[in-house]
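Everything below concerns the one structure shown next.
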Amino acid sequence: MCGIPTTPPNVHDTVHSVDPTAHVVYVDVDPMVVVHSQALRSVGPGLTTILADIRQPETVLDHPRLQAHIDFDEPVGIVIFSVLDVIEDKDDPLGIVQQLRERMAPGSYLGISHLSARSAPDAIAHSHKISQETGFPEVAFRPDEEVLKFFDGFDLVKPGLVDIREWHPEQDTPQVKIKLVGAVGRKAG
């Protein structure tokens with residue numbers, strides 16, 4: 001789920017700052033988001049947005065436009081930020097990541113961020129209350145042990161699974177009640 005683009009840098013901006021020829025494919029389940037994404041992002045060679053549901057990873061992986069841009073026989077990078085926490089357990093978020101991992105060549109990277117059970121109990125309770133009042137699906141505040149399972153088959157890159165504010169500890173960030181953890185792993189092989 002790529003969401004409507006925000007102020008740069010977006011994923012493709014960061015990727016292209018390292019390799020201007022890299023291909024980037026965004027995925028979202030909302031048709032309006034896909035239309036806005038295609039209109040607002042600088043559309044250029046190697047950049048596209050597709051309509052697909054991550055809960056059906058085979059549909060994502062077999063999408064013709066993704067296949068036209070990404071060669072899974074070569075190392076790739078997959079970024080799943082603030083997505084798995086909105087995937088209900090019944091939709092098997094761990095199985096989704098496992099299917100993605102199976103297609104990734106050795107040397108590929110996986111980046112994940114996730115709402116954390118490290119969050120303040122009152123913030124978690126408030127989030128659940130909002131879901132009950134609005135009918136919006138509850139988000140999952142998973143413990144570190146569960147988030148780490150998404151990285152089975154990957155070697156974590158330093159600093160490992162941490163509060164995302166620790167990725168750039170030199171930046172002064174405010175204390176927050178809702179914690180987001182994240183990590184990057186490299187597929188062994």
Heavy atoms only: give me the nearest [X]-[Y] pair and the separation to one decimal.
{"X": "Leu100", "Y": "Pro57", "answer": "CD2-CB, 4.3 Å"}
{"X": "Asp155", "Y": "Ala188", "answer": "OD2-CB, 3.9 Å"}
{"X": "Ser108", "Y": "Val76", "answer": "OG-N, 2.9 Å"}
{"X": "Gly182", "Y": "Ile164", "answer": "N-CG2, 3.7 Å"}
{"X": "Pro106", "Y": "Pro75", "answer": "O-CG, 3.6 Å"}
{"X": "Ile96", "Y": "Arg55", "answer": "CD1-CA, 3.6 Å"}

Considering residues at least two apart in sequence or located in another chain, which fulfil the ring pair (Phe, Tyr, Trp, His ring centres under 6.0 Å) criterion with His23?
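Checked His23 against ring pair (Phe, Tyr, Trp, His ring centres under 6.0 Å); matches are His69.
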
Side-chain touch Ile178/His126, heavy atoms, less than 4.5 angstrom
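Ile178 vs His126: side chains apart.
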
Measuring only between side-chain heavy atoms, which start at C-beta, is Asn10 closer than 4.5 Å to Tyr26?
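Yes - at least one pair of side-chain heavy atoms lies under 4.5 Å apart.
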
Does [X] belong to the same Ile/Leu/Val/Met/Phe/Trp/Tyr cluster as [Y], with side-chain heavy atoms less than 4.5 Å apart forming each link?
{"X": "Leu180", "Y": "Ile130", "answer": "no"}
{"X": "Leu161", "Y": "Val176", "answer": "no"}
{"X": "Phe136", "Y": "Val83", "answer": "no"}

Give, for atom [atom1] of [X] and atom [atom2] of [Y], the distance between the pair rounded to the nearest 0.5 Å.
{"X": "Ile80", "Y": "Asp85", "atom1": "CD1", "atom2": "CG", "answer": "11.0 Å"}
{"X": "Leu110", "Y": "Lys187", "atom1": "CG", "atom2": "NZ", "answer": "10.5 Å"}
{"X": "Ile50", "Y": "Ser37", "atom1": "CD1", "atom2": "OG", "answer": "11.0 Å"}
{"X": "Thr48", "Y": "Arg65", "atom1": "OG1", "atom2": "CZ", "answer": "3.5 Å"}
{"X": "Leu84", "Y": "Ile54", "atom1": "CG", "atom2": "CD1", "answer": "6.0 Å"}
{"X": "Ser127", "Y": "Glu138", "atom1": "OG", "atom2": "CD", "answer": "7.0 Å"}

Decide side chain to side chain contact (heavy atoms under 4.5 Å, CB included) for Gln99 and Gln56; before the verdict, give the C-alpha distance in whole Å, the side-chain angles of both, and the deciding distance to 0.1 Å.
CA-CA 10 Å; Gln99 287 186 55; Gln56 300 168 346; over 6 Å; no

Test side chain to side chain donor-acceptor pair (under 3.5 Å) applied to Thr134 - qualifying residues, sequence neighbours left out:
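By the side chain to side chain donor-acceptor pair (under 3.5 Å) rule, Thr134 matches no residue at all.
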
For the backbone of [Y] and the side chain of [X], can you confirm whether one donor and one acceptor N or O come within less than 3.5 Å of each other?
{"X": "Arg118", "Y": "Val181", "result": "no"}
{"X": "Arg101", "Y": "Phe154", "result": "no"}
{"X": "Asp30", "Y": "Met32", "result": "yes"}

Could you list the cluster mates of Val157? Members are the ILVMFWY residues connected by side-chain heavy atoms closer than 4.5 Å, either directly or through other members.
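Other cluster members: Tyr109, Val184.
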
Between Val97 and Lys149, is the side chain to side chain contact (heavy atoms under 4.5 Å, CB included) condition met? List the steps.
CA-CA 10 Å; Val97 175; Lys149 289 179 185 178; over 6 Å; no

Parallel, tilted or perpendicular: rings of Phe150 and His114 (30°, 60°)
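Geometry flag for Phe150 against His114: parallel rings.
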
Of the options Asp28, Val34, Val35, Val33, which is the one that meets Leu51 in a side chain to side chain contact (heavy atoms under 4.5 Å, CB included)?
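Exactly one option meets the side chain to side chain contact (heavy atoms under 4.5 Å, CB included) with Leu51, and it is Val34.
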
Looking at Asp144 and Lys179, is there a salt bridge between them, counting it only when a charged N and a carboxylate O are closer than 4.0 Å?
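No, this pair does not count.
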
Quick check: are there more than 12 heavy atoms from other residues, nucleotides or ligands sitting under 6.0 Å from NE2 of His128?
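Above 12, so yes.
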
